[in-house]
Amino acid sequence: MAANANGGTRATGPRCVALVGPFQSGKTTLLEAILARTGVIQRQGTIEAGNTVGDASKEARHHRMSVELSVATTNFMGDTYTFLDCPGSVEFVHDMRAVLPAIDAAVVVCELDEKKVPQLQLILRELEDRKTPRILFLNKIDKADAAVHDVLRLLQDASRTKLVLRQIPTFSGEIVTGFVDLALERAFVYKEHAPSQVIPLEGDAVDREKTARFSMLETLADHDDELMEQLLEDIQPPRDKVFDDLTRELRDGLVCPVLMGTATRANGILRLLKALRHESPGAAETAKRLGVKGGADAVAYVVKTLNTTHGGKMSIARVLGGQAGDGTTLLAGDDEAGRVAGVFKLVGQATEKRGPAAVGETVGFAKLDKAKTGDTLTAGKQPHPPLARIEPYPPVLAIAISAKERKDDVKLGQALNKLAEEDPSITVVHNPETHEVVLWGQGEMHLRVATERLSDRYGVAIERRQPTVGYRETIRKGIVQRGRHKKQSGGHGQFGDVVLDIKPLPRGSGFSFDEKITGGVVPRNYIPSVEEGVIDGLKTGPLGFPVVDVAVMLIDGSYHTVDSSDQAFRTAGRIGVV
């Protein structure tokens, strides 16, 4: 920990922050603004121009939406930050859920849009359940058409934790021109793609600031008796005390601070970064929250698995204990994940080889062939207990796929394995009845992007169609049928004769076979062959589908001492049920 410019202490060391929020709330644009403000890029790109660091894949740019996790590491005021830009669509939510265990804090990007509150609620629930510290960033504040306090009441319904307004906007007419920081008690005017400028706090902004600040302090005082006494006695609390409470209550998950800005204009970015720097927890607190065992051995959590075009498999991981470098052998559970063949810094799709990764750093480990998303890696002789278990949501939609050319069948199988490895919410099923490869996913867009990746990334041209429905047939009433097979072609012939009593069973009962033979009309050694023949006959009913929920009993028949055989009675059994 280090001294905080606002009093108290702040976390030190590399930080990992997730950018989460509803679909099209501006997360990728916010990442772009952060990278521009911290000097990683010279000019801020846009989604429309297709030149952002995040959403750099062909599929993301084609659909103009995030379809997978984007990772970018930068530096701000001497500290290292890795930002994980998570897709907002519910169809790609697994990428967000998989990173949450390893992050220090989340920036929840949202708009002043009532229609997005249900999705915001789902995201906040995930963060609340994992006790992840979070800051709400009200984006597109320049387009706000409602009072921020009214919006806050609307958004509060989505959060179990109390939302605390840290800033209020200032206006020129109906245009948002800046904000007042309620903790600093200072007014700022926005400068496009530049730091905001401090201006005098005057006019009606003074009264608005006092009212909003008191409301913020009241919320903080719910968890601080000393601050409550100061407010009751009309004593102005010291600024350091306010920042200490904001920091503690954010880290303990007692409040969710609300900041604002406009990512497209890079407004509000500096204040957001400073809030993260001074108030968010660091790797030590995250490791403690996850139960990371102390020691010299490296412990890391895999937030994403990638299969790069030229570099092979890469595991993006957050190091939460020890140090891991080139040549380090890592375990994943009871199995050896592999030996690290390079450590990489990531900025979007650009990678840069670097030295060993220390506690808190988020890096790419090359060639860990057995590591999977969500794995806990350790360099010790004994595996570390899993830090988290993230199970994908059950799939909801399926398509059948096949290679356009038969020669690509093997290539398709390999590509599907890589696809499912990168995205565990994709399920590949080989249907033995219909002889189809069925791809299950979270929705139409999810499956569309998956098939585009098979073509664009893995070079497999495919055909897609609706999966064949595996219908079943059954019978409505019982019947007694004879199955007789007789064939003479010189020498030994074939003879089998059976009488079958066939009855329906309750739905879901399956199939049963029994016999009630007396007098040896069908020799005992042929009865298993009759059952095999019946099973053969029920595989395809009159409509072409398997017949189920039937009971078949062998009640009579006849045989020939020379011409009867297992094959003859198997054929007779099949004839008896078709």
Side-chain angles (χ1 to χ4, degrees), residues 394-402 406 409 413 427-440 465-578:
V396 298
L397 192 66
I399 57 172
I401 63 171
S402 59
R406 292 292 300 273
D409 283 350
T427 304
V428 181
V429 177
H430 297 267
N431 191 323
E433 289 186 11
T434 61
H435 305 289
E436 289 179 328
V437 176
V438 180
L439 205 60
W440 282 90
R465 59 190 176 277
Q466 289 295 320
T468 302
V469 178
Y471 288 111
R472 297 291 186 268
E473 299 179 35
T474 190
I475 59 175
R476 292 181 178 178
K477 61 182 181 179
I479 189 174
V480 174
Q481 285 206 146
R482 183 170 225 110
R484 184 179 176 89
H485 174 60
K486 182 178 180 182
K487 187 176 182 181
Q488 192 70 42
S489 57
H492 287 302
Q494 298 181 36
F495 182 85
D497 178 33
V498 296
V499 178
L500 304 175
D501 185 6
I502 307 170
K503 295 180 179 179
L505 290 175
R507 186 164 185 173
S509 299
F511 164 74
S512 70
F513 179 85
D514 204 351
E515 55 85 16
K516 194 167 62 176
I517 294 297
T518 58
V521 293
V522 176
R524 290 280 166 190
N525 57 305
Y526 292 142
I527 292 176
S529 298
V530 176
E531 181 179 1
E532 290 176 7
V534 168
I535 293 173
D536 289 342
L538 294 178
K539 287 180 179 178
T540 306
L543 300 178
F545 303 100
V547 180
V548 296
D549 301 335
V550 295
V552 178
M553 179 174 287
L554 175 62
I555 59 174
D556 201 359
S558 61
Y559 73 102
H560 190 278
T561 55
V562 176
D563 293 340
S564 289
S565 65
D566 286 320
Q567 184 59 46
F569 272 97
R570 180 168 182 167
T571 303
R574 180 176 56 80
I575 293 172
V577 294
V578 298

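If you read the sequence from its start, that first residue is 1, and numbering goes on from there.
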Exercise for review: I would like to know whether Phe495 and Ser565 meet side chain to side chain contact (heavy atoms under 4.5 Å, CB included); could you show each step before the answer?
Suggested key: CA-CA 7 Å; Phe495 182 85; Ser565 65; over 6 Å; no

Practice item. Apply the test side chain to side chain contact (heavy atoms under 4.5 Å, CB included) to residues His485 and Gln494: give CA-CA distance (whole Å), side-chain angles for both, the deciding distance (0.1 Å), then the verdict. Key: CA-CA 7 Å; His485 174 60; Gln494 298 181 36; 2.9 Å; yes

Check your understanding: So Leu439 and Val437, side chain to side chain contact (heavy atoms under 4.5 Å, CB included) or not? Walk me through it.
Key -> CA-CA 7 Å; Leu439 205 60; Val437 176; 5.9 Å; no

Practice item. Might you work through the side chain to side chain contact (heavy atoms under 4.5 Å, CB included) test for Lys503 and Val550, ending with a clear yes or no? Key: CA-CA 6 Å; Lys503 295 180 179 179; Val550 295; over 6 Å; no

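Using a 4.5 Å heavy-atom cutoff, the side chains of Met553 and Glu515 are not in contact. Side chains of Phe511 and Val552 form a contact here, defined as non-hydrogen atoms less than 4.5 Å apart. Residues Asn525 and Ile527 are not in side-chain contact: their nearest non-hydrogen atoms beyond the backbone lie 4.5 Å or more apart. Taking the side chain as every heavy atom from C-beta outward, Ile555 and Leu500 never approach each other to under 4.5 Å. Pro394 has its side chain out of reach of Trp440: every pair of non-hydrogen atoms, C-beta onward, lies at least 4.5 Å apart. Between Ile502 and Val577 there is a side-chain heavy-atom pair separated by less than 4.5 Å. The closest side-chain heavy-atom distance from Arg465 to Ser402 is below 4.5 Å. Counting heavy atoms from C-beta outward, Pro546 and Thr540 have side chains that stay 4.5 Å or more apart.
Within the 3.5 Å criterion, the main-chain N or O of Gly544 finds a donor-acceptor partner in the side chain of Glu473. Under a 3.5 Å cut-off, the side chain of Thr474 and the backbone N or O of Val548 do form a donor-acceptor pair. Checking side-chain atoms of Ser509 against main-chain N and O of Leu505 turns up no donor-acceptor pair under 3.5 Å. Side chain of Gln481 to backbone of Asp501: no donor-acceptor contact under 3.5 angstrom is found. Looking at Asp563, its side chain does come within 3.5 Å of a backbone N or O of Gly493 through a donor-acceptor pair. Under a 3.5 Å cut-off, the side chain of Glu436 and the backbone N or O of His430 do not form any donor-acceptor pair. Although no hydrogens or angles enter the test, the distance criterion places no donor-acceptor pair under 3.5 Å between the side chain of Arg484 and the main chain of Arg482.
Taking a cutoff of 4.0 Å between a charged side-chain nitrogen and a carboxylate oxygen, Asp549 and Arg507 do not qualify as a salt bridge. Between Lys539 and Glu433 there is no salt bridge, since no side-chain nitrogen of the basic residue lies less than 4.0 Å from a carboxylate oxygen of the acidic one.
Atoms CD and CD1, on Gln466 and Ile399 in that order, are 8.5 Å from each other to the nearest 0.5 Å. To the nearest 0.5 Å, atoms CZ (Arg574) and CD1 (Ile535) are separated by 14.0 Å.
Contact detail for His435 and Pro432: the closest heavy-atom pair is CE1-O, 3.3 Å. Summarising the geometry of Gly478 relative to Pro504, their closest heavy-atom pair is N-CD, 3.6 Å, with the distance given to 0.1 Å. When all heavy atoms of Ala572 and Gly496 are compared, the pair lying nearest together is CB-O, 3.6 Å. The shortest heavy-atom contact between Ser529 and Asp566 is OG-OD1, 3.0 Å.
Applying side chain to side chain contact (heavy atoms under 4.5 Å, CB included) to Val499 and the options Val521, Val522, Leu554, Asp556 leaves one that passes, Asp556.
Applying the ring pair (Phe, Tyr, Trp, His ring centres under 6.0 Å) test to every pair with at least one member in residues 544-578, sequence neighbours left out, gives these pairs: Tyr471-Phe545, Tyr526-Phe569.
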